[in-house]
Peer 1: 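This is the structure, below, for whatever I ask next.
These numbers come from a predicted model, not from an experiment.
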Amino acid sequence: MRRFSSMQTLLVTVFILLLVANPAAAAQRDGWVGDVAVVAWLETDLLKVALANGGSTRVNITLSSEGWDQGWRPFFLDRTIVVPARTVVIEGFNLSSDWRGEPLTVRASAWDREALVEVQTSEIFRPSSYVASSQEEIEVFVDLAFMAAEREAMYLMVDDYYKGIAQSEIGEITVRSVEGGFHYSPARRRVEKIDPYMVLSLWAPRPERSVTTISFNMYKVKDDNYRNYYDNEIEGPTILVYDRNLAYQDNSHLNLPPTPPWNWRR
């Protein structure tokens, strides 16, 4: 693992130390419906859902809102998707105008099974892509503002490796850069604040069965006692990885009508 340090002041000083990582600790927050992997994330007010079918037959999957707003109405309209065999499909959902930033969960269901998929947001992690082909480089922007808000000195530990579903689906995480704190501009003759952030880089693995999901974690530690660092775990993003011989179909860019407010008939 790597360890990062932040001071009590707004200036965030980060030290990188190599430690031993446990890749099995990376939490998998994705859902699987048979051979279909499902990952969901939010881009502004657009909900995107990726479905990757690594099987040899097409699958019909219904996507629906698991949560409800304060008026007991779903956050988006249900939709049934036909996912062809060996194909990745991306769907986009416009949220109801009644959505007020509540956590979102997608229910993905087939006739014989279902999965609940947490919708990922960009509060801390912003991957360059939530869906990647094998051997593709992925950069993950990490917002470190939460470290500056800590009143006590703390360390941030990052897994050395991401972990997939199979044991061979493992890869190193590289720290590209760590920035943040105060900067003096001679040209403007003033001190400027730079929001703290970190950029991680990794290469997607080759899935053993055409489709997989990978993830990693970070940990907040306020002392050098590493025995309990899992108690302050920060779940990293879950990224869907597919074999290059799978077809790719992105429907999220289609000009879909916005989901109307549920009281639009009034």
Side-chain angles (χ1 to χ4, degrees), residues 26-43 45-68 74-96 104-121 127-136 138 162-169 171 203-215 237-260:
Q28 298 293 334
R29 297 183 297 153
D30 59 282
W32 283 81
V33 184
D35 292 327
V36 180
V38 185
V39 172
W41 67 96
L42 197 61
E43 291 186 5
D45 291 337
L46 180 65
L47 168 62
K48 288 190 175 183
V49 182
L51 305 98
N53 183 7
S56 58
T57 58
R58 70 178 185 180
V59 180
N60 294 343
I61 294 183
T62 299
L63 301 176
S64 59
S65 173
E66 173 65 11
W68 304 79
F75 292 120
F76 58 91
L77 299 178
D78 299 0
R79 187 184 306 167
T80 298
I81 310 299
V82 179
V83 187
R86 302 189 61 76
T87 301
V88 180
V89 176
I90 312 294
E91 292 289 327
F93 294 81
N94 288 286
L95 298 174
S96 167
L104 298 170
T105 301
V106 175
R107 179 182 294 273
S109 56
W111 69 274
D112 59 341
R113 64 193 70 188
E114 65 179 23
L116 296 179
V117 183
E118 177 185 348
V119 177
Q120 304 176 81
T121 64
S128 56
S129 178
Y130 282 96
V131 181
S133 61
S134 62
Q135 303 300 298
E136 179 181 344
I138 305 169
Y162 67 77
K163 184 68 171 66
I165 302 300
Q167 287 187 337
S168 64
E169 296 167 350
W203 292 87
R206 292 182 178 178
E208 282 194 2
R209 297 185 177 182
S210 300
V211 176
T212 190
T213 53
I214 61 175
S215 187
T238 296
I239 299 172
L240 188 151
V241 180
Y242 63 94
D243 204 334
R244 291 177 179 271
N245 60 11
L246 265 65
Y248 183 85
Q249 181 178 331
D250 188 350
N251 300 327
S252 64
H253 65 283
L254 299 179
N255 187 21
L256 302 174
T259 301

Peer 1: Quick one: list whatever passes side-chain contact (heavy atoms from CB on, under 4.5 Å) with D45, sequence neighbours left out.
Peer 2: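 Listed in chain order: W99.
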Peer 1: Residues two or more places apart in sequence or in another chain: which of them pass salt bridge (charged side-chain N to carboxylate O under 4.0 Å, His left out) with E208?
Peer 2: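 So E208 forms no salt bridge (charged side-chain N to carboxylate O under 4.0 Å, His left out) with any residue.
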Peer 1: CD1 of I138 to CD1 of I214: how many Å apart, nearest 0.5 Å?
Peer 2: 4.5 Å
Peer 1: Let's go through S96 and F76 carefully: what are the C-alpha distance in whole Å and the side-chain angles of both, what is the deciding distance for side-chain contact (heavy atoms from CB on, under 4.5 Å) to 0.1 Å, and is it a yes or a no?
Peer 2: CA-CA 6 Å; S96 167; F76 58 91; over 6 Å; no
Peer 1: Identify which one of V38, V117, V211 satisfies the side-chain contact (heavy atoms from CB on, under 4.5 Å) criterion when paired with W32.
Peer 2: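 One option only clears the test, and that one is V211.
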Peer 1: What residues, two or more places apart in sequence or in another chain, satisfy side-chain contact (heavy atoms from CB on, under 4.5 Å) together with S64?
Peer 2: D78, R107
Peer 1: How would you list all residue pairs meeting salt bridge (Lys or Arg N to Asp or Glu O under 4.0 Å) that involve residues 33-42, not counting sequence neighbours?
Peer 2: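 Qualifying pairs, neighbours excluded: none.
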Peer 1: According to side-chain contact (heavy atoms from CB on, under 4.5 Å), who are the partners of N245, at least two apart in sequence or on a separate chain?
Peer 2: R86, D243
Peer 1: Between CD1 of I165 and OG1 of T212, what distance do you get to the nearest 0.5 Å?
Peer 2: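 It comes to 4.5 Å.
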Peer 1: Going by side-chain hydrogen bond (donor to acceptor under 3.5 Å, both in side chains), name the residues that satisfy it together with T80, two or more places apart in sequence or in a different chain.
Peer 2: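 Listed in chain order: T62.
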Peer 1: Mind checking what makes side-chain contact (heavy atoms from CB on, under 4.5 Å) contact with I81, not counting sequence neighbours?
Peer 2: L63, R79, V83, V89, E91
Peer 1: Considering residues at least two apart in sequence or located in another chain, which fulfil the side-chain hydrogen bond (donor to acceptor under 3.5 Å, both in side chains) criterion with S109?
Peer 2: none
Peer 1: Apply side-chain contact (heavy atoms from CB on, under 4.5 Å) to residues D250 and V131 and explain how you reach the verdict.
Peer 2: CA-CA 11 Å; D250 188 350; V131 181; over 6 Å; no
Peer 1: Strictly by salt bridge (Lys or Arg N to Asp or Glu O under 4.0 Å), give each pair with a member in residues 55-64 just once, sequence neighbours left out.
Peer 2: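 Not a single pair qualifies under salt bridge (Lys or Arg N to Asp or Glu O under 4.0 Å).
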